[in-house]
Amino acid sequence: MPMPATVRLVEVGPRDGLQNEAQPISVADKVRLVDDLTDAGLSYIEVGSFVSPKWVPQMAGSADVFASIRQRAGVTYAALAPNLRGFEDALAAGVKEVAVFAAASEAFSQRNINCSISESLQRFEPIMEAARSHGVRVRGYVSCVLGCPYEGKVSAEQVAPVARALHDMGCYEVSLGDTIGTGTAGDTRRLFEVVSAAVPRAQLAGHFHDTYGQALANVYASLLEGISVFDSSVAGLGGCPYAKGATGNIATEDVLYLLQGLGIETGIDLDRLIAAGQRISTVLGRANGSRVARARSAA
Ligand code: HMG
Ligand code: MG
């Protein structure tokens with residue numbers, strides 16, 4: 001299978017990255033991060049979540065963030081919505097694209113969104129209906145596709161029906177999340193082989209957390225499987241509040257460096273991206289999680 005000529009990166013740092021931070025982060029700092037990412041040339045930025053503030057306090061200010069970011073034409077600014085209430089709040093905040101999130105493991109579904117997998121899929125139906133009538137596109141996530149913090153191994157055969165259900169209800173793309181980062185390149189290839197029988201490869205994306213240091217290898221394995229959309233997080237920000245010990249997503253800078261080496265186009269400016277990652281790392285008082293950014297900054 002030929003490597004894709006172009007790749008779209010879905011920047012999830014402001015959402016998947018910051019949602020896990022216990023320290024307060026001001027709306028101004030979140031807005032600055034999103035604006036920096038726009039300026040770096042990202043075409044898709046997940047800005048926040050319209051979820052219960054009791055479950056994920058850090059995302060409580062998402063409407064304020066949406067109200068202040070600079071929105072460049074042609075760039076998608078998206079938000080997570082777990083239920084109709086979240087969708088309506090997102091809509092009121094002017095959000096034009098949302099993401100719903102299900103899991104491949106029952107235990108994770110319960111811990112993350114307090115319902116079973118099938119209940120979650122039912123809960124998404126009214127979101128899909130409302131989204132259709134408002135012209136809002138919906139992306140779907142499946143979590144724990146290569147392992148679950150509570151149930152251990154998850155098979156590709158468990159993932160496929162959940163991905164198919166999201167696709168069938170109208171998600172234009174389904175992102176497969178290795179939430180705890182335990183997957184290897186071999187597991188990743190098999191995952192896409194199996195799931196692509198349920199959802200076309202062009203409508204699948206890879207979402208790799210780097211907890212076990214396998215994320216970049218998993219992106220490469222996915223490229224070999226013809227996958228051309230990847231979620232990543234500037235400076236490798238983040239983790240998941242319901243997956244203890246999970247680190248951030250693959251750093252956007254590191255994926256971009258890999259793609260540049262393969263001659264694959266993204267339209268993103270690496271230097272500006274590194275600057276964006278350095279700024280938010282300084283705000284958070286954290287070491288930059290991107291190896292490329294660390295190497296460039298040390299030079
Ligand atoms: P619940 O407690 O079962 O819901 O939570 P409920 O309907 O009983 O409502 C409880 C309270 O929450 C009520 O308030 C509701 O009004 C409120 P109270 O009466 O107690 O004051 N509420 C809301 N508030 C704001 N926005 C809403 C909303 N809905 C209800 N949308 C619920 C169910 C889904 C709401 C909750 O479990 C939740 O918000 N979970 C979100 C968890 C989350 O955001 N996790 C992180 C994102 S997923 C992820 O990171 C994985 C991913 O990156 C891929 C990967 O890595 O695998 C995507
Ligand atoms: Mg994630």
Side-chain angles (χ1 to χ4, degrees), residues 10-21 46-63 78-93 95 98-105 107-117 119-124 126-127 130 138-151 154 158-159 162-163 166 171 173-183 191 204-211 215 218 229-233 236-252:
V10 169
E11 172 59 50
V12 296
R15 193 282 302 171
D16 205 353
L18 299 188
Q19 74 181 7
N20 205 37
E21 286 290 330
E46 207 171 69
V47 172
S49 300
F50 291 84
V51 298
S52 163
K54 288 184 189 139
W55 290 66
V56 184
Q58 191 61 259
M59 290 291 109
S62 291
L80 255 53
N83 53 19
L84 193 57
R85 152 93 192 268
F87 176 81
E88 283 166 354
D89 290 354
L91 205 62
V95 178
V98 299
V100 294
F101 46 110
S105 100
F108 189 81
S109 184
Q110 289 293 347
R111 304 280 180 117
N112 194 38
I113 49 177
N114 204 24
C115 63
S116 69
I117 298 169
E119 281 164 351
S120 75
L121 296 172
Q122 281 165 29
R123 209 178 259 182
F124 300 154
I127 298 183
V138 184
R139 191 171 194 249
Y141 279 107
V142 186
S143 287
C144 296
V145 298
L146 295 171
C148 168
Y150 313 108
E151 290 180 10
V154 172
Q158 278 171 270
V159 179
V162 184
L166 290 172
C171 293
E173 183 170 285
V174 180
S175 174
L176 304 186
D178 183 12
T179 317
I180 55 169
T182 51
L191 174 73
L204 289 171
H207 177 111
F208 299 105
H209 285 260
D210 201 31
T211 316
N218 292 342
V229 182
F230 297 99
D231 304 350
S232 61
S233 187
L237 296 174
C240 175
Y242 297 101
K244 206 167 183 299
T247 66
N249 295 82
I250 176 78
T252 310

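Atoms within a ligand are numbered from 1 in the order they appear, just like the ligands themselves.
Close contacts of ligand 1 with F101, meaning ligand atoms under 4.0 Å from a residue heavy atom, involve 43 (C), 44 (O), 47 (C), 48 (S). Set against the non-hydrogen atoms of D16, the atoms of ligand 1 under 4.0 Å away are 50 (O), 53 (O). Atoms of ligand 1 found under 4.0 Å from any heavy atom of N114, numbered from 1 in the order shown, are 1 (P), 2 (O), 3 (O). Annotation for ligand 1: atoms under 4.0 Å from non-hydrogen atoms of L80 are 47 (C). Heavy-atom contacts of G86 reach the following atoms of ligand 1: 31 (N) (cutoff under 4.0 Å). Atom numbering of ligand 1 starts at 1 in the shown order; those under 4.0 Å from a heavy atom of P53 are 24 (N), 25 (C). With ligand atoms numbered from 1 in the order given, ligand 1 contributes 37 (O), 40 (N), 41 (C), 42 (C), 43 (C), 45 (N), 46 (C), 48 (S) to contacts under 4.0 Å with heavy atoms of N112. Distances below 4.0 Å separate heavy atoms of H209 from the following atoms of ligand 1: 56 (O).
Within the 4.5 Å cutoff, no side-chain heavy atoms of F124 are placed close to those of V138.
Among the backbone and side-chain atoms of D16, an N, O or S atom lies under 2.8 Å from the Mg ion (ligand 2).
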Next on the checklist: Would F230 and I250 count as a side chain to side chain contact (heavy atoms under 4.5 Å, CB included) here? Give the steps.
Outcome noted: CA-CA 9 Å; F230 297 99; I250 176 78; over 6 Å; no
Checklist entry - For L237 and L18, what are the C-alpha separation, side-chain angles and deciding distance, and is it a side chain to side chain contact (heavy atoms under 4.5 Å, CB included)? => result CA-CA 7 Å; L237 296 174; L18 299 188; 4.0 Å; yes
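Among S49, A102, G177, S52, the residue whose heavy atom lies nearest to atom 12 (O) of ligand 1 is S52. Which of E46, R85, E88, K54 comes nearest to atom 24 (N) of ligand 1 through a heavy atom is settled by distance: it is R85. Residue nearest to atom 54 (C) of ligand 1, selected from S233, S109, S143: S143 (by heavy-atom distance). When P82, G17, A81 are checked for heavy-atom proximity to atom 34 (C) of ligand 1, P82 turns out nearest.
Atom SG of residue C144 and atom CG of residue L176 lie 12.0 Å apart, to the nearest 0.5 angstrom. Taken to the nearest 0.5 Å, the CD atom of E173 stands 12.0 Å off from the CG atom of L166. We find the CD-OG distance between Q110 and S105 to be 10.0 Å, quoted to the nearest 0.5 Å. Of the inter-residue distances, the one linking I127 atom CD1 with F87 atom CZ reads 7.5 Å to the nearest 0.5 angstrom. To the nearest 0.5 angstrom, W55 atom CH2 is 14.0 Å from S49 atom OG.
With a 6.0 Å cutoff to the six-membered ring centre and a 45° limit on the axis angle, R15 counts as a cation-pi contact of Y141.
Neither the backbone nor the side chain of V12 has any atom closer than 4.0 Å to an atom of ligand 1 (non-hydrogen atoms only). Counting heavy atoms under 4.0 Å from ligand 1, residue M59 does not touch it at all. If you look at V56 next to ligand 1, the close heavy atoms, those under 4.0 Å, all belong to the side chain.
We find that R139 and D231 are joined by a salt bridge, their nearest charged nitrogen and carboxylate oxygen being less than 4.0 Å apart.
Between F50 and ligand 1, an N or O atom pair is found at a separation short of 3.5 Å. Considering backbone and side-chain atoms alike, T179 places an N or O below 3.5 Å from some N or O of ligand 1.
Heavy-atom distances between R15 and ligand 1 reach below 4.0 Å in at least one pair.
Neither side chain, D16 nor S233, offers a donor N or O lying under 3.5 Å from an acceptor on the other.
Closest approach of E119 and S116 over heavy atoms only: OE1-N, 2.9 Å.
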